[in-house]
There are 2 protein chains.
Amino acid sequence: MARAATTSDVFNAIAEQQRREILVLLRAREVPVTELAQELGMTQPGASKHLRVLREVGLVRDRKAGKHRLYGLDARGLRPVHEWTGGFEQFWNESFDRLDAYVQDLKQERQEE
Amino acid sequence: MARAATTSDVFNAIAEQQRREILVLLRAREVPVTELAQELGMTQPGASKHLRVLREVGLVRDRKAGKHRLYGLDARGLRPVHEWTGGFEQFWNESFDRLDAYVQDLKQERQEE
DNA sequence: TTGACGTATGCCGATATCGGTATATGATTG
DNA sequence: CAATCATATACCGATATCGGCATACGTCAA
């Protein structure tokens, strides 16, 4: 079965480093594929494929602009990810406490050896 | 090259639905593998493997507890994801405007046909 | 229409994933 | 120690990924 298709899941789409870089770049402005590929040091087909994935999950959209095709950001799809991770916010601090308990536990184990 | 190893990247680790479910479950309490597998309807080896990935990216830690091995949440690794997506927050609303412009563009294209 | 530019797709190889089953490893109890 | 329970790992098959190269498709201008 392998992994869920990147094309159907925002979490998967942004699991790829280069795609995240693309999104960051698109935060600044709309960009045609060629320029994007150049700036991020990827091949044009490579960039095209990543953009396809991003488009299919709705994080990016494109519009014709003369000879070019401009890609632009549609960040709404990132909101669920932000909110999901936000659901763990209360644990970011608490985690220290738990970690502390964990460390205590380790110490105890050592003493028992 | 395939995808970046899930084991070295939190974004990849949470790209998997079942692993996200595990994290949510661990928000409530520490749990041994068997129980976790049962509650989430996966096999024990399956759960074990997912936990391994989560442990290797630091989202989960384990401690011995008698005959069991309890897995607990360490959500700190989710913070970078939250913050990264948060970097797009200002675009969630703006996206509507851009989308609007996009729609206008589509209309225009149709008229040109 | 032809040519030139911009972009997308097809195909391939190498690799990693995920799920399942069987089995090994570990830990606890009698 | 042996038996039992808990957990991890190995191996496998099916599939999907990503990158690169070649090439098809699309669009504009002369």
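Just so it is clear, the structure is predicted and the values come from calculations on it, not from any experiment. Here is the naming used below: chain letters follow the sequence lines, and residue numbers restart at 1 for every chain.
- For Arg52(B), no side-chain nitrogen or oxygen approaches OP1 or OP2 of dT7(D) to under 4.0 Å.
- dA30(D) atom C1' lies 11 Å from atom NZ of Lys67(A), rounded to whole Å.
- Of the side-chain N and O atoms in Tyr71(B), none sit less than 4.0 angstrom from OP1 or OP2 of dA6(D).
- Looking at Arg19(A), its side chain never comes within 3.5 Å of a backbone N or O of Ile14(A) through a donor-acceptor pair.
- Taking 4.0 Å as the cut-off between side-chain N and carboxylate O, Lys49(A) and Glu16(A) do not count as a salt-bridged pair.
- The side chain of His68(B) places no N or O atom within less than 4.0 Å of a non-bridging phosphate oxygen (OP1 or OP2) of dT28(C).
- The shortest distance between the side-chain N/O atoms of Thr34(B) and the OP1/OP2 oxygens of dT7(D) is below 4.0 Å.
- Leu51(B) places its CG atom 11 Å from the P atom of dT9(D), with the value rounded to the nearest Å.
- Nearest heavy atoms, Val33(A) versus Tyr71(A): CG2-CE1, 3.3 Å.
- Contact annotation: Gln17(B) side-chain N/O to dC18(C) OP1/OP2 distance is not under 4.0 Å.
- Residue Gln44(A) places none of its side-chain N or O atoms closer than 4.0 Å to OP1 or OP2 of dC21(D).
- Between Met42(A) and Arg55(B), the residue anchored closer to the 5' end of DNA chain D is Arg55(B), taking for each the nucleotide with the nearest heavy atom.
- Computed from coordinates, the Gln18(A) CD to dC18(D) P distance equals 9 Å when rounded to whole Å.
- Distance, Leu70(B) CG to dC5(D) C1': 15 Å, rounded to whole Å.
- Regarding contacts with the backbone of dT27(D), every side-chain N or O of Arg69(A) stays at 4.0 angstrom or more from both OP1 and OP2.
- Atom CZ in Arg19(B) sits roughly 9 Å away from atom C1' in dT17(C) (whole-Å rounding).
- Across Leu40(B) and Ile22(B), no two heavy atoms sit closer than the pair CD1-CG1, 3.6 Å.
- Among the atoms of the strands shown, base atoms are found under 4.0 Å from some heavy atom of Pro45(B).
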